[in-house]
Novice: 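Dumping the structure here so I can ask a few things about it.
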Amino acid sequence: MTEKRSILLKYGELILKGDNKSYFDAQLLRQIRKKLKPLGEFRVFTSQSTVFVESEDDGALEAALPVLQRVFGIVSLSIAWRVEKNMDAILEAVEKKIAPQLVGARSFKADARRSDKKFPLKSPEIAREVGARVLSTLGGRAPKVDVHHPQETCWVEIREDFAYVHAKKLPGAGGMPYGTGGRCLLMLSGGIDSPVAGWRMAKRGAFVDALHFESFPYTSERAKEKVMDLARKLCAYTETMNFASIRMTDIQLRMQEVCREELFTILLRRSMMRLACRVARRQACGAIVTGESLGQVASQTMAALATTDAVADLPVFRPLIGMDKEEIVATSRAIDCFETSILPFEDCCTVFTPRHPKLNPTMEEVLEEEAKLPMAELEDEAFRAIEFVRIDK
Ligand code: ATP
Ligand code: MG
């Protein structure tokens with residue numbers, strides 16, 4: 001049997017539509033090639049809404065699977081057997097390679113697609129023969145045939161040069177190819193929420209840069225390392241990441257001297273937002289992203305969010321605003337951030353947390369407190385001392 005394996009990647013409906021298709025295609029292929037580069041030599045090409053990944057090295061192909069499962073823009077993946085374009089070869093692969101994969105399934109159907117219309121059999125005829133071969137191979141162990149809602153589908157695709165036969169589908173990361181949705185600046189803390197927020201934006205195709213605020217020496221170097229570790233975790237889905245950090249210590253100490261304690265968090269958040277917008281503009285980011293979720297803490301009531309929004313001169317995206325903590329935690333685990341997020345390190349927001357934060361601050365009182373400090377000057381100083389690191393996976 002002269003067959004080889006290939007990985008077939010299916011991409012979402014959305015990408016197929018509109019004039020942007022070739023742009024999306026190009027971005028997706030660029031991502032795939034970039035992610036596969038460290039793993040060896042691959043042939044990557046696209047044909048009729050399927051991306052083909054092939055390698056002479058079967059081990060490299062195995063290693064590529066989990067990496068490809070993290071590439072946004074791919075809905076599902078399967079390992080296909082690539083065989084010569086004749087029914088004998090196809091049916092042999094079905095018998096030897098595919099049928100065993102179907103043992104234990106509740107139901108199945110066979111389906112076929114022909115992009116080469118010169119192939120002597122039409123798609124339904126191919127499917128019929130393939131289905132029959134599965135049944136005859138497995139006998140009593142064969143799943144029952146269900147053409148409407150099969151648990152598994154045995155696919156045959158007749159392409160230009162080869163036929164591809166595959167069954168088990170693995171889930172892809174979904175979303176849009178990374179980098180097709182503009183650039184945003186993620187306010188990244190060491191908590192559970194903000195990495196999930198960044199991942200959600202990356203999934204929708206946005207380039208993600210990160211900005212972290214620290215309060216050294218009240219927050220430690222190790223706390224900052226933890227945040228960089230989280231940025232690194234996100235890079236498994238994205239690419240390298242521009243990571244900026246700004247020290248808020250002076251601003252916080254000055255606030256502590258003169259401002260009402262119950263408003264510390266709100267005042268700090270407004271200051272962070274103003275600085276974030278400055279960083280975003282400098283890095284050509286079109287939006288700010290935070291991990292806020294309505295009502296989760298005092299600074300995330302509607303009134304509190306309104307006071308932070310008021311100082312932003314870019315759109316502020318809060319992809320988690322309507323999510324429960326459990327839902328956020330589930331995603332955090334799924335993207336392998338949770339264990340890092342829960343490491344016990346201090347955050348600049350928690351170091352100076354008021355004992356009784358105000359839940360419904362009015363704009364007047366916030367402005368009144370803010371006016372007690374030369375904010376513009378203090379923020380200029382903090383902005384000048386910004387540090388940049390490039391994070392890689
Ligand atoms: P997280 O789990 O993301 O830390 P949180 O529930 O602890 O969120 P807050 O501390 O109120 O909530 O922070 C809300 C959002 O503000 C965070 O999701 C993040 O986007 C941003 N943020 C908070 N602290 C920092 C920080 N030190 N540096 C950068 N952004 C921060
Ligand atoms: Mg936090």
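In this text, all values refer to a predicted model and were calculated from it rather than measured experimentally. Just follow the structure's listing: the first ligand is 1, and inside any ligand the first atom is 1.
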Novice: Go through ligand 1 atom by atom and flag the ones less than 4.0 Å from a non-hydrogen atom of Val297.
Specialist: 11 (O)
Novice: Could you see which bit of Ser194 sits under 4.0 Å from ligand 1, with heavy atoms only: side chain, backbone, both or neither?
Specialist: both
Novice: Between Leu211, Asp193, Leu188, Leu230, flag the one that comes closest to atom 8 (O) of ligand 1 by a heavy atom.
Specialist: Asp193
Novice: Which of the atoms in ligand 1, numbered in the order shown and given with their element, are less than 4.0 Å from a heavy-atom of Thr290?
Specialist: 20 (O)
Novice: Hey, looking at atom 15 (C) of ligand 1, which of Lys224, Met273, Arg269, Met187 has the closest heavy atom?
Specialist: Arg269
Novice: Can you list the ligand 1 atoms lying under 4.0 Å from a non-hydrogen atom of Ser299?
Specialist: 11 (O)
Novice: Tell me if the CD atom of Gln256 is crowded by more than 12 foreign heavy atoms within 6.0 Å.
Specialist: yes
Novice: Using a 4.0 Å cutoff against the non-hydrogen atoms of Gly191, which atoms of ligand 1 qualify?
Specialist: 1 (P), 2 (O), 4 (O)
Novice: Within less than 4.0 angstrom of ligand 1, does Met248 place any heavy atom?
Specialist: no
Novice: Closer than 4.0 angstrom, basic N to acidic O: yes or no for Arg106 and Glu152?
Specialist: no
Novice: Show which atoms of ligand 1 fall inside a sub-4.0 Å distance from at least one heavy-atom site of Gly291.
Specialist: 17 (C), 18 (O), 20 (O)
Novice: Which salt bridge (Lys or Arg N to Asp or Glu O under 4.0 Å) pairs, counting each pair once, include a residue from residues 185-194, with sequence neighbours left out?
Specialist: Asp193-Lys325
Novice: Below 4.0 angstrom, N of the basic side chain to O of the carboxylate: do Arg247 and Glu379 qualify?
Specialist: no
Novice: I'd like to check Leu378 versus Arg254 (side-chain heavy atoms, cut-off strictly below 4.5 Å). Are they in contact?
Specialist: yes
Novice: Taking N or O atoms only and a 3.5 Å limit, does Val289 qualify as a polar contact for ligand 1?
Specialist: no
Novice: Ignoring hydrogens, just give me the one of Glu214, Gln300, Gln296 whose non-hydrogen atom is nearest atom 12 (O) of ligand 1.
Specialist: Gln300
Novice: Please check whether Ile192 reaches ligand 1 - meaning an N/O of the residue sits under 3.5 Å from an N/O of the ligand, judged on distance alone.
Specialist: yes
Novice: What's the verdict on ring pair (Phe, Tyr, Trp, His ring centres under 6.0 Å) for Phe24 and Tyr11, showing C-alpha distance, side-chain angles and the deciding distance?
Specialist: CA-CA 10 Å; Phe24 280 114; Tyr11 42 85; 9.5 Å; no
Novice: What I want to find out is whether Asp380 reaches Arg278 closely enough, with some N-O distance under 4.0 Å, to be called a salt bridge.
Specialist: yes
Novice: If the condition is ring pair (Phe, Tyr, Trp, His ring centres under 6.0 Å), which residues does Phe207 pass it with, not counting sequence neighbours?
Specialist: Tyr178
